[in-house]
There are 2 protein chains.
Amino acid sequence: MKKVTIKDVAKEAGVSPSTVSRVISDSPNISNSTKDKVRSIMKEMGYYPNAIARSLVKQKTRSIGLVMSRPTDRALANPFFSGVIQGIAAVAQEKNYSILLTAADNYEDEYEEALKQLKVGRVDGLVLLASRINDDLIKQLLENNYPFVLIGRSEEFRSIPRVDNDNYMAAYTLVEKLIRSGYKDFSVLAGHKDYVFTGDRLKGVIDALKAHNLNINPDRIEFTDFSFTSAEESAYKILSNFNPDVLIAFDDLLGMAAVQTAEKLGFSIPEQIGIVGFNDHTLISYFKPSLTTVKIPIVEMGQKAISMLIKMLEDTSYKGEEKIISTEIIERESLKFK
Amino acid sequence: MKKVTIKDVAKEAGVSPSTVSRVISDSPNISNSTKDKVRSIMKEMGYYPNAIARSLVKQKTRSIGLVMSRPTDRALANPFFSGVIQGIAAVAQEKNYSILLTAADNYEDEYEEALKQLKVGRVDGLVLLASRINDDLIKQLLENNYPFVLIGRSEEFRSIPRVDNDNYMAAYTLVEKLIRSGYKDFSVLAGHKDYVFTGDRLKGVIDALKAHNLNINPDRIEFTDFSFTSAEESAYKILSNFNPDVLIAFDDLLGMAAVQTAEKLGFSIPEQIGIVGFNDHTLISYFKPSLTTVKIPIVEMGQKAISMLIKMLEDTSYKGEEKIISTEIIERESLKFK
DNA sequence: TTGTAAGCGTTATCAC
DNA sequence: GTGATAACGCTTACAA
């Protein structure tokens, strides 16, 4: 069960290891006859070039770290992350890269872990999936000139390689469309305050309202985490106190919680209150009434992010860019536009 | 921005590379004074031992491949996989292993990819997350003596290292409890026929019924895939034709679809029909009526699987074992036991 | 307690 | 077209 190496193949084929190496990389200056011979022997002996040795001399691993930037358990509970992984994995496989999952229980460890994977040379670059962004990590990455692409946005660092949707505009556009549909009493079930997208979406909502001389009472904005009970509580506060005719939830999960709370309180949906979510998680198709939502093309964002990173790795003159993916409002049952 | 190597550190510290290496591994026969000196220099120079070079000489990568054994998109749509990843990632991080995600669009590629990661020496072992099991992969792994642990069960290969819950017993026990509660007209919304657990759970259901001289008409068993529409259709067939008083869904997602279909057909839940799922996905807490379910401790299964694999890797005399994790019935609103 | 040297499995440079 | 040889960054006998 010993591993067969390039030397074994070389000996068997009666050529030098360099020749075998050239055959592996399909070098043009090797005769077809030797190529054929060597290849058949490789197959015969069950030879596979050792990726580690290769990485060592090439100083490239062809693997990319995926950093989730929040406690793993919570990260993975949200279908959002499945989408990103899906997009990333697909492209990685196609381009012959491996993806290395970096996990930790808290932000500091995560940050250390991710950086370490780069420092010890286990990965060539990083895809950061950032909701609550660790700007220290980004700072370190920039200082060390490590290749990375951010999915999301950093408060502190502008014009870094990243892929995002325009949360501000998505929210702004949504509110305009709602106003045009006759909605007046707005309320917001926002996600966690620390998430960058929470602030962006909120600003979009507020600015759009202002532009139409509408205001929103801060009491009608509730921040909540992603647990059902917390979301339910927050939704209850808003709905029982203010009787709004529209509720914007910054995530479908929150939207689902709001729908149930509204129903419990006797609201008819969408007649008395319209509820709209964000993301368009696949799982919400299982939920009734089906959620009207702002679709974030998360799989596509994952694909774009890793494609950009790979391009940066393979063309050092390319420094990445900022890619903003557009969103789309999907009308279902929980809120009707007129 | 050049990488600092062990030689640089050695030179700076006025010792040999081997000494530095020994300091890294905290060898007992290095004087504390040199240890201190070398360590401070390592820190000062920002030295991190290169993982690739290390892997090459040690012939160990400290990374483990995770194979999902089904098209990535479908795999990730199901919260089941998030749970496994969560369990695996936590233990990996703790034991200082990396986890390498292996993805592909279809079974054959997946199988090739996974095997390749081992052959090229990029991973030390594999965790197979098997629903529809690729017995060929297992065969290859066994033949090549590659370390792996299966989460699930193989039809063909008995007594291989694996972690599973006893799907047969879980279903059997559930049915007994249902019978004791007075349920009589059973129906089953099963998952995809090809999945091993589908067959196991079904057998458990049928055997338990038989043991109580009850039978189930094959027409009352519907196989379906995990899309909402397909599940809904199957549920509709059962519910509209047979009017059962209990429906067992082999996944919470299917259970949710069944609940909605039942409601649409005017069934009152749980009075007229009890509906029970499997898995206890975290997301079902967002769903009303909350689903009574058979909880599969999937995070724990992930943890156990990778722990076993790591043990196999670090103690070659340990060949793995079969670990069966017990399940638990969780009563919520969609079905009441009496 | 430390240093020397060989070797892990490749690729790359330079000959021929 | 092909072969020696050095190098990638580390660990590990073997010496000292």
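Every value quoted in this text rests on a predicted model; they were computed, and no experiment measured them. Every chain is numbered from 1 and lettered A, B, ... according to where its sequence line falls, protein lines coming before strand lines.
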Flag for [Y]-[X]: side-chain donor and acceptor within less than 3.5 Å:
{"X": "Glu321(B)", "Y": "Tyr318(B)", "result": "yes"}
{"X": "Gln117(B)", "Y": "Ser98(A)", "result": "yes"}
{"X": "Ser18(B)", "Y": "Ser21(B)", "result": "no"}

Would you confirm whether the ring centroid of Phe148(B) sits within less than 6.0 angstrom of the ring centroid of Tyr146(B)? no
Within residues 28-39 of chain B, residues whose heavy atoms come under 4.0 Å of DNA chain D: none
Give the B/S/- string for nucleotides 7-13 of chain D, one per nucleotide from 5' to 3', where a protein heavy atom under 4.0 Å of the base yields B, of only the sugar-phosphate yields S, and otherwise -. -BBBBBB
Note: chain B reaches DNA chain C at heavy-atom distances under 4.0 Å over the stretch, first to last nt, 5' to 3', of dT1(C) to dG9(C)
Partners passing salt bridge (Lys or Arg N to Asp or Glu O under 4.0 Å) against [X] (at least two apart in sequence or in another chain):
{"X": "Arg162(A)", "answer": "Asp164(A), Glu322(A)"}
{"X": "Lys119(A)", "answer": "none"}
{"X": "Arg39(A)", "answer": "Asp26(A)"}
{"X": "Glu300(A)", "answer": "Lys304(A)"}

Check: residues 48-58 of chain B side-chain donor-acceptor pairs under 3.5 Å, at least two apart:
{"from": "Asn50(B)", "atom 1": "OD1", "to": "Ile52(B)", "atom 2": "N", "distance (Å)": "2.7"}
{"from": "Asn50(B)", "atom 1": "OD1", "to": "Ala53(B)", "atom 2": "N", "distance (Å)": "2.8"}
{"from": "Ser55(B)", "atom 1": "OG", "to": "Ala51(B)", "atom 2": "O", "distance (Å)": "2.8"}
{"from": "Ser55(B)", "atom 1": "OG", "to": "Lys60(B)", "atom 2": "O", "distance (Å)": "3.2"}

Pairs involving residues 309-319 of chain A, ordered by first then second residue, that meet salt bridge (charged side-chain N to carboxylate O under 4.0 Å, His left out) (sequence neighbours left out): Arg62(A)-Glu314(A)
With Ser33(A) via side-chain hydrogen bond (donor to acceptor under 3.5 Å, both in side chains) - residues at least two apart: Ser31(A)
By side-chain contact (heavy atoms from CB on, under 4.5 Å), which residues pair with Asn29(B), not counting sequence neighbours? Ser27(B)
Estimate the overall bend of the helix from dT1(C)-dA16(D) to dC16(C)-dG1(D) from the end axes over five pairs each, rounded to 10 degrees. 40°
